Q: 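Have a look at this one before I ask anything.
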Protein chains: 2
Amino acid sequence: MAAGRSDHSTSGGRVTLKEVARLAGVSRSTTSRVLNDHPSVRPEVRARVQEVMEDVGYVPDGIARSLRRGHTGMLGLLIPQPASTVFGDAYFATLVSAVVDAAQRAGCTVATVLTDDPLAGRPDTTERLAAKLSADGLLDGVVATASVDDDPVPGALLDAGLPVVVIGEPSDASTTSVDVDNLAGGRLAVEHLVELGRARVAVLAGPEGNPSARRRLEGARRAVEAAAVTLVGVEAADHFGVEDGRRAMDRMLAAGTRPDALVAGSDAIAVGAMAALDAHGLRVPDDVAVAGFDDLAPARVSTPPLTTVAQPVASVGRLAVHRLLDLVGTEATGPARDARGSADGRVVPVTGSGVDGHEGRRTVLDVALVVRGSTVPD
Amino acid sequence: MAAGRSDHSTSGGRVTLKEVARLAGVSRSTTSRVLNDHPSVRPEVRARVQEVMEDVGYVPDGIARSLRRGHTGMLGLLIPQPASTVFGDAYFATLVSAVVDAAQRAGCTVATVLTDDPLAGRPDTTERLAAKLSADGLLDGVVATASVDDDPVPGALLDAGLPVVVIGEPSDASTTSVDVDNLAGGRLAVEHLVELGRARVAVLAGPEGNPSARRRLEGARRAVEAAAVTLVGVEAADHFGVEDGRRAMDRMLAAGTRPDALVAGSDAIAVGAMAALDAHGLRVPDDVAVAGFDDLAPARVSTPPLTTVAQPVASVGRLAVHRLLDLVGTEATGPARDARGSADGRVVPVTGSGVDGHEGRRTVLDVALVVRGSTVPD
DNA sequence: GTGAAAGCGCTAACAT
DNA sequence: ATGTTAGCGCTTTCAC
């Protein structure tokens, strides 16, 4: 790498390919060929052109290239949650990580977009965001996390012609989506608790209006009915965090509910609940057996370690990106499409575990129960 | 919103302005004017064009617009840390939030880019990233957090002609940067402890190689010397997290060090240290007075609440964006920027701290000591 | 008020 | 192997 910029005052990447061509005494085409490692360029000429590029510090204009190619290589990751919620949440940490990683592998950059609370939010904000995302038109597609029922954003994005993959349950069933089997998850947790002989089940569900939370609750409800035990209480946490769990548990206890089994909407909620139980002198698992959902960091560091329904968060993220890339490849019917395609073989034909929905539009991954000390003493 | 797309098979946002013009029976110029709310268009014509746009679901191509305008309205936020570190860190939560917010206000989108650990990382990764970011050329500029000495990325970005603002200490002093007065912070903490009568000071510094951590330590060192008390120990935490603090404190105690005052490189480190102290039967603040750094969430929820050096994280983020927009506005000789001006009271431009007369290049914000129960009993 | 035309920086047929 | 030419989709003088 050249030690520093010499020659011209190259303020910014202002040198154009045309200029390089002129300086090297060749045509723009040839310069372009050199830039793209096209084989048919005489080594001698190639060298000269490259030297000029180095000399003037030429940097190709990405926007122009994108215009020609018809895509930018930039994907959006939409998380309709305020930063305060997203950070500190092991789920999002894992998800973002997986998405970014998968995209990177495919040569794409990810723009993570956090928006304000979708519930409290004026639809204004939300729609304006969608408009902006699409109007900017710099994203090849968007992975959107569904954190609230009937989120209008994915639809708006689709209307704008932007490929979208929803993580979770999309409002419109025809939207491509990747999800885990939340229903089964709620069921698994309850079945486990029932097998342990517990008969007074309570659920500390995730936030109201959150599709995943609702499904988990639903699954638990059905299992409770099927097992002919009693659902002694249901309380919705404000979010999926530890404090939300603690408060929800406090409310439940304050209401006089005394379960001997607890199903939580997330590991963090479970951890918070255990703290609240502890504060009330109730022992886990002796007095109350507790099951979480996620199997992320909080589950392992808690005391006692948490029995939980493990969901493959990283796989979900990775898969969502693959699905999105498929869509992008399909929709972009522009020219020069043939050259690329699935050249990198990273398009995993995910028939994976679980239900592979209609036309591969919806993919649902399996969850699995992990038993630890919060339900069964060591 | 039109129920569905009629007419053409408009698969995606594939309708162009040209097509709209044809359908509306006007020229592309007029159509463009309608799109950009240019005044000189007859209301009647405007209405007709807009109707066509609605009908065919026209969405302007952002890439093409960007090409013309010379900028994309997309800023990068570079955090050379793995997701596992970034999430769960109140500092980054606050910073990202502030940056995204400030950018949004200026009509920009932020692409948050996380990269792997800069220390363990092969320089390869890092450089490739920088290359990618710039080669893509879709970003108008980048806010880069400096988490390691001599980070090559900002330089690489600058070489590629991309405006960069570093948060923290840039390797090259001529790089525009925004920082807080870490040196003073370290000093303030020690001075406070000394005033309380403590004489055996220990420092639980942030990660080795981190410029901010080093400065804080340096400040503490100087204050210790000035006060003629004893620096009984220094231990560097692996990161800025709670567990890192706990482990560092454990190491220090295991080494037989018994301070009566502790200065930590972050609130989280302080919290972890307090846990370790507690586990060793040492009381805070009676046996050991503890001071943190940041004044973020961990400081307030800890027991006892943490005395700490407050740094204006949100302001740093906001300011970095403003600085960046200034740079972008300067470099991109396009249409003038509007929303500007740093309305922060605490801007302390350090003139001449860098090289040649380039003024206002580096901005250092003040920190302030916040006294709570970890040093002074209620 | 509206249109024709000239590009922004790059790439990809077609020639040669 | 290299040059010529024609755009990608949009904006913007400059005429009328």
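Here the structure is a predicted model, which is why all the values come from computation and not from measurement.
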Q: So, is B:R42 close to the C:dT2 phosphate, meaning a side-chain N or O under 4.0 Å from OP1 or OP2?
A: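 Yes, because at least one side-chain N or O of B:R42 sits under 4.0 Å from OP1 or OP2 of C:dT2.
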
Q: What I want to check is whether the side chains of B:R361 and B:S177 have a donor and an acceptor closer together than 3.5 Å.
A: no

Q: Between the base of C:dG9 and the side chain of B:R68, is there any donor-acceptor pair under 3.5 Å?
A: no

Q: Report the nucleotide, chosen from D:dT11, C:dT2, C:dC10, that has the shortest atom-to-atom distance to any side-chain atom of A:D61.
A: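 Taking heavy atoms from C-beta onward, the closest nucleotide is C:dC10.
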
Q: May I have the distance from B:L138 (atom CG) to C:dC8 (atom P), rounded to whole angstrom?
A: 20 Å

Q: Test for a donor-acceptor pair under 3.5 Å between the base of D:dT12 and the side chain of B:S32, counting only N and O atoms.
A: no

Q: To the nearest Å, how far apart are B:R69 CZ and D:dT13 C1'?
A: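 Going from CZ in B:R69 over to C1' in D:dT13 covers 17 Å.
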
Q: Figure out the CE/C1' separation between A:M53 and C:dC10, and round it to whole Å.
A: 11 Å

Q: Would you tell me if any nitrogen or oxygen in the side chain of A:T30 comes within less than 4.0 Å of OP1 or OP2 on D:dG3?
A: yes

Q: By the 4.0 Å heavy-atom rule, please label A:I63 as base, sugar-phosphate, or nothing.
A: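 The residue A:I63 makes no contact with any strand.
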
Q: Among the nucleotides C:dT2, C:dC10, D:dT11, which one has an atom lying closest to any side-chain atom of B:R33?
A: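 The answer is C:dT2, which lies nearest to the side chain.
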
Q: Are any of the side-chain nitrogens in A:D61 or A:R65 under 4.0 Å away from the carboxylate oxygens of its partner?
A: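 Result for this pair is no, no salt bridge flagged.
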
Q: Is any side-chain nitrogen or oxygen of A:S27 closer than 4.0 Å to OP1 or OP2 of D:dG3?
A: yes

Q: Given side chains that start at C-beta, do those of A:P80 and A:T145 come closer than 4.5 Å, heavy atoms only?
A: yes

Q: From NE2 of A:H38 over to C1' of C:dC14, roughly how many Å is that when rounded to an integer?
A: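 Result: 13 Å.
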
Q: Which sits closer to the 5' end of DNA chain C, B:L67 or B:G25, going by the nucleotide each is nearest to?
A: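 Nearer the 5' end of the strand: B:G25.
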
Q: Can you check the B:L35 CG to D:dG9 P distance for me, whole Å?
A: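 It works out to 15 Å between those atoms.
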
Q: Round to a whole Å and report the spacing from CG of A:L17 to P of D:dG7.
A: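 Atom CG in A:L17 sits about 20 Å away from atom P in D:dG7.
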
Q: Does the C:dG1 base have a donor-acceptor partner in the side chain of B:R46 within less than 3.5 Å?
A: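 Under the 3.5 Å cut-off, the side chain and the base do not form any donor-acceptor pair.
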
Q: Does any non-hydrogen side-chain atom of B:V99 lie less than 4.5 Å from one of B:V110?
A: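 Yes, side chains in contact.
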
Q: Would you call B:R48 and B:E51 a salt bridge, taking side-chain N to carboxylate O under 4.0 Å as the test?
A: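 So B:R48 does not pair with B:E51 through a salt bridge.
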
Q: Check the distance between D:dG9's P and A:H71's NE2 and give it to me in whole angstrom.
A: 14 Å

Q: So does B:R14 get a side-chain nitrogen or oxygen closer than 4.0 Å to the phosphate oxygens (OP1/OP2) of D:dG9?
A: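 Checking B:R14 against D:dG9: at least one side-chain N or O falls below 4.0 Å of OP1 or OP2.
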
Q: Does a nitrogen or oxygen in the side chain of A:Y58 sit under 4.0 Å from OP1 or OP2 of C:dG9?
A: no

Q: Provide, to the nearest angstrom, the distance between the CZ atom belonging to B:R48 and the P atom belonging to C:dG1.
A: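 Between P of C:dG1 and CZ of B:R48: 16 Å.
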
Q: Ignoring hydrogens and angles, state whether a donor on the side chain of B:D150 or B:S171 is under 3.5 Å from an acceptor on the partner side chain.
A: no

Q: Among C:dG1, D:dG9, C:dA5, find the nucleotide with the atom closest to the side chain of B:A64.
A: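 Of the candidates, D:dG9 comes closest.
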
Q: Using only side-chain N and O atoms of B:R65, determine if any of them is under 4.0 Å from OP1 or OP2 of D:dT11.
A: yes

